[in-house]
Amino acid sequence: MSERPKVFGNLVAEVIRKNTCVTCGGCEAVCPVNTVKIEDGTPKLVGLCISCQLCYWNCPVASFDVTEMEEKVFGRIRTEDEAAIGVHKAIYAVKAKDAEILGKAQDGGAVSAILTQFLSGAGDGAVVAGVEDDRPWAAKPIVVTSKEGILEGAGTKYTNSPSLVGVASAIQEYALRKIALVGTPCQMKGIRNIETGPLSDERIKDAVALRIGVFCMETFDYPSFMEYLEGEGIDAAKVDKFEIKSGKFIALQNGEEIHNVKLATVKSLVRACCHTCGDFSAEFSDLSVGNVGSPNGWSTVIVRTDVGEEALGAAEKAGLIEIHPIDDGKRGLGLVNKLATMKRNNAEEAHVES
Ligand SMILES: Cc1cc2nc3c(=O)[nH]c(=O)nc-3n(C[C@H](O)[C@H](O)[C@H](O)COP(=O)(O)OP(=O)(O)OC[C@H]3O[C@@H](n4cnc5c(N)ncnc54)[C@H](O)[C@@H]3O)c2cc1C
């Protein structure tokens, strides 16, 4: 930590004005006087700052050292073989067995099935991403305590949810004490900072028991996304699923494909902050889940910690999922490594240019 205090003004200068704020919600979650609020996708000061420095030192963009965090979380740094996707113990292809979960899930329903087991075991809640009532496909954190709640959040929203605000809400407003967090790679970094950083938040550290990260190449800027859909004659409110797969961006309505374009067509919708993020596979989660690397309708699951191994094992033991070894060829693990390397290289280039 520096000698001079690093306060909200430093976050503004070093992160927000540089368009690298990922809007994970960590700054709002840790502010002890509720003075930092996410408004229109940006952290703002809405009252008097007490210069506690929590927002700065818990920000995953302003303050994050990969090597230091690997030592803290995994007790070791990544090996050469793990250069692309970070420290891990195993990788599998996973599919939920429950038809209701499969009907709502984005891919193999691994995330929702593992959460279901978590809630029927020791967990008392989870923070997932729902959507805002009046803005279709605008992700927002929701706190859930049942399978119905998990299913409400199932499926991918390609917009940002400030999910760490949901963690604070789960603790303060729902009095939950053992929660799971689902989030993008930047949100996994944010939660680890809050749990282990120089100014960690003990309430959050004690309550978060499982961290499930989703693979993420990018998120879309909400206004640009809606403008694009409108321009294409698509009513966002009627779309039941968006997919990014095999280099295509796809929209489905009533189960039918209504839009299918090359991913390059929608690249201009990507939020600026995603260009400087080099983490594809949610390297600091307990379990990372994506579709790349597994057959259609299956999820690829990277097990990184004992906590993750236990959660996955419990879901299998309960008969909620089936697990197979991941294909270690070009279309399996090779593709996960390739995309992770590509994202890291792109981010390094973007840093050099900025
Ligand atoms: C923005 C984004 C980009 C992605 N990009 C890729 C990619 O490039 N390649 C790839 O292989 N996989 C990507 N994924 C992951 C993939 O879309 C699925 O989430 C993953 O395969 C898990 O599927 P599932 O069926 O197991 O999950 P489900 O059982 O459907 O559960 C998905 C969980 O993710 C949560 N979630 C959804 N949207 C968000 C969000 N915006 N922020 C935080 N949590 C959210 C849901 O609330 C739910 O709990 C991306 C996910 C997101 C959110």
Side-chain angles (χ1 to χ4, degrees), residues 22-25 85 92-96 98 100-116 118-119 126-132 137-144 147 149-167 180-188 190-191 210-222 225 241-250 263 266 269-271 273-274 277 279-282 285 287-294 296-302 312 315 320-321 332 335-336 338-340 342-343:
V22 292
T23 327
C24 63
I85 60 170
Y92 303 106
V94 174
K95 187 169 183 160
D98 179 322
E100 213 183 348
I101 292 179
L102 284 174
K104 297 264 182 174
Q106 186 72 14
D107 296 305
V111 175
S112 296
I114 293 163
L115 289 180
T116 301
F118 177 78
L119 289 193
V127 177
V128 297
V131 287
E132 291 181 14
W137 295 99
K140 67 162 189 186
I142 55 171
V143 179
V144 299
K147 183 180 171 192
I150 292 168
L151 291 179
E152 187 192 333
T156 298
K157 293 95 201 168
Y158 288 98
T159 55
N160 172 68
S161 154
S163 293
L164 302 195
V165 176
V167 174
L181 168 69
V182 181
T184 49
C186 48
Q187 291 162 359
M188 293 297 112
I191 198 67
L210 175 65
R211 303 140 203 91
I212 304 182
V214 287
F215 294 3
C216 180
M217 194 55 89
E218 63 245 323
T219 51
F220 293 150
D221 170 65
Y222 186 77
F225 185 28
K241 191 174 189 182
F242 289 105
E243 286 182 335
I244 295 182
K245 255 185 196 160
S246 311
K248 297 285 177 62
F249 170 70
I250 300 161
L263 195 49
V266 292
L269 313 179
V270 175
R271 293 195 304 154
C273 60
C274 300
C277 168
D279 184 350
F280 170 70
S281 64
S285 64
L287 292 170
S288 299
V289 188
N291 55 59
V292 163
S294 289
N296 267 345
W298 287 72
S299 309
T300 297
V301 177
I302 304 178
L312 186 72
L320 290 173
I321 50 171
L335 195 53
V336 182
K338 185 177 162 187
L339 291 180
M342 191 172 92
K343 187 171 179 189

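Please read these numbers as outputs of a predicted model, since none were measured by experiment. Order of appearance sets the numbers: ligands from 1, and atoms from 1 within every ligand. Just the heavy atoms: all of them, side chains too, but no hydrogens, waters or symmetry mates, feed the values below.
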From the candidates [options], the one that places a heavy atom nearest [atom]:
{"atom": "atom 17 (O) of ligand 1", "options": "Ile244, Thr156, Asp107", "answer": "Thr156"}
{"atom": "atom 27 (O) of ligand 1", "options": "Thr184, Val111, Thr300", "answer": "Val111"}
{"atom": "atom 8 (O) of ligand 1", "options": "Met217, Lys245, Glu218, Lys157", "answer": "Met217"}

[X] neighbourhood, listing ligand 1 atoms whose heavy-atom distance to it stays under 4.0 Å:
{"X": "Val289", "value": "20 (C), 22 (C), 26 (O)"}
{"X": "Asn291", "value": "10 (C), 11 (O), 12 (N), 21 (O)"}
{"X": "Gln187", "value": "43 (C)"}
{"X": "Gly109", "value": "24 (P), 25 (O), 26 (O), 29 (O)"}
{"X": "Ser112", "value": "28 (P), 29 (O), 31 (O)"}
{"X": "Gly108", "value": "25 (O)"}
{"X": "Gly290", "value": "11 (O), 12 (N), 20 (C), 21 (O)"}
{"X": "Val128", "value": "47 (O), 49 (O)"}

Lys338 atom NZ, neighbour heavy-atom count above 12 within 6.0 Å
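Atom NZ in Lys338 is not crowded, with 12 or fewer foreign heavy atoms closer than 6.0 Å.
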
Is Lys157 atom NZ crowded by more than 12 heavy atoms from other residues, nucleotides or ligands, each under 6.0 Å away?
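Atom NZ in Lys157 is crowded, with more than 12 foreign heavy atoms closer than 6.0 Å.
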
What protein heavy atom lies closest to [atom]? Include the residue and the distance to one decimal.
{"atom": "atom 37 (C) of ligand 1", "result": "Gly155 O, 3.1 Å"}
{"atom": "atom 50 (C) of ligand 1", "result": "Phe215 O, 2.8 Å"}
{"atom": "atom 39 (C) of ligand 1", "result": "Ala129 CB, 3.6 Å"}
{"atom": "atom 35 (C) of ligand 1", "result": "Val182 CG1, 3.7 Å"}
{"atom": "atom 48 (C) of ligand 1", "result": "Gly153 O, 3.4 Å"}
{"atom": "atom 7 (C) of ligand 1", "result": "Phe280 CE1, 3.9 Å"}
{"atom": "atom 1 (C) of ligand 1", "result": "Thr219 CG2, 3.5 Å"}

Using a 4.0 Å heavy-atom cut-off, say whether Thr159 meets ligand 1 through its side chain, its backbone, both or neither.
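Looking at Thr159 and ligand 1, just backbone atoms fall under 4.0 Å.
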
Could you tell me whether [X] and ligand 1 have an N or O pair separated by under 3.5 Å?
{"X": "Ser299", "value": "yes"}
{"X": "Val292", "value": "yes"}
{"X": "Ala110", "value": "yes"}
{"X": "Leu115", "value": "no"}

Qualifying residues under ring pair (Phe, Tyr, Trp, His ring centres under 6.0 Å), relative to Phe225, sequence neighbours excluded:
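Result, ring pair (Phe, Tyr, Trp, His ring centres under 6.0 Å) vs Phe225: Phe220, Phe242.
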
Could you walk me through whether Tyr92 and Leu312 pass side-chain contact (heavy atoms from CB on, under 4.5 Å), step by step?
CA-CA 10 Å; Tyr92 303 106; Leu312 186 72; 3.7 Å; yes

Is the Phe249 ring parallel, tilted or perpendicular to the Tyr158 ring (thresholds 30°, 60°)?
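Taking Tyr158 first and then Phe249, their aromatic rings stand perpendicular (interplane angle over 60°).
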
Rounded to the nearest 0.5 Å, how far apart are CD of Glu218 and SG of Cys273?
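Going from the CD atom of Glu218 to the SG atom of Cys273 covers 11.0 Å.
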
Would you say the side-chain atoms of Asn291 pair up with the backbone N or O of Lys245, donor to acceptor, closer than 3.5 Å?
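Side chain of Asn291 to backbone of Lys245, a donor-acceptor pair under 3.5 Å: no, none is there.
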
Check: Lys343 side chain, Cys216 main-chain N or O, donor-acceptor pair, under 3.5 Å:
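Yes, the answer is positive, given that a donor and an acceptor are paired below the 3.5 Å cut-off.
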
For a quick test of reading the model, state the closest non-hydrogen atom pair linking Thr156 to Trp137 and the distance between them.
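So the minimum-distance heavy-atom pair works out to O-CZ3, 3.5 Å.
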
Is the closest side-chain heavy-atom distance between Gln106 and Lys241 below 4.5 Å?
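Of all side-chain heavy-atom pairs linking Lys241 with Gln106, at least one is under 4.5 Å.
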
Is there side-chain contact between Leu164 and Leu181, with heavy atoms separated by less than 4.5 Å?
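Heavy-atom side-chain distance check passes, below 4.5 Å.
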
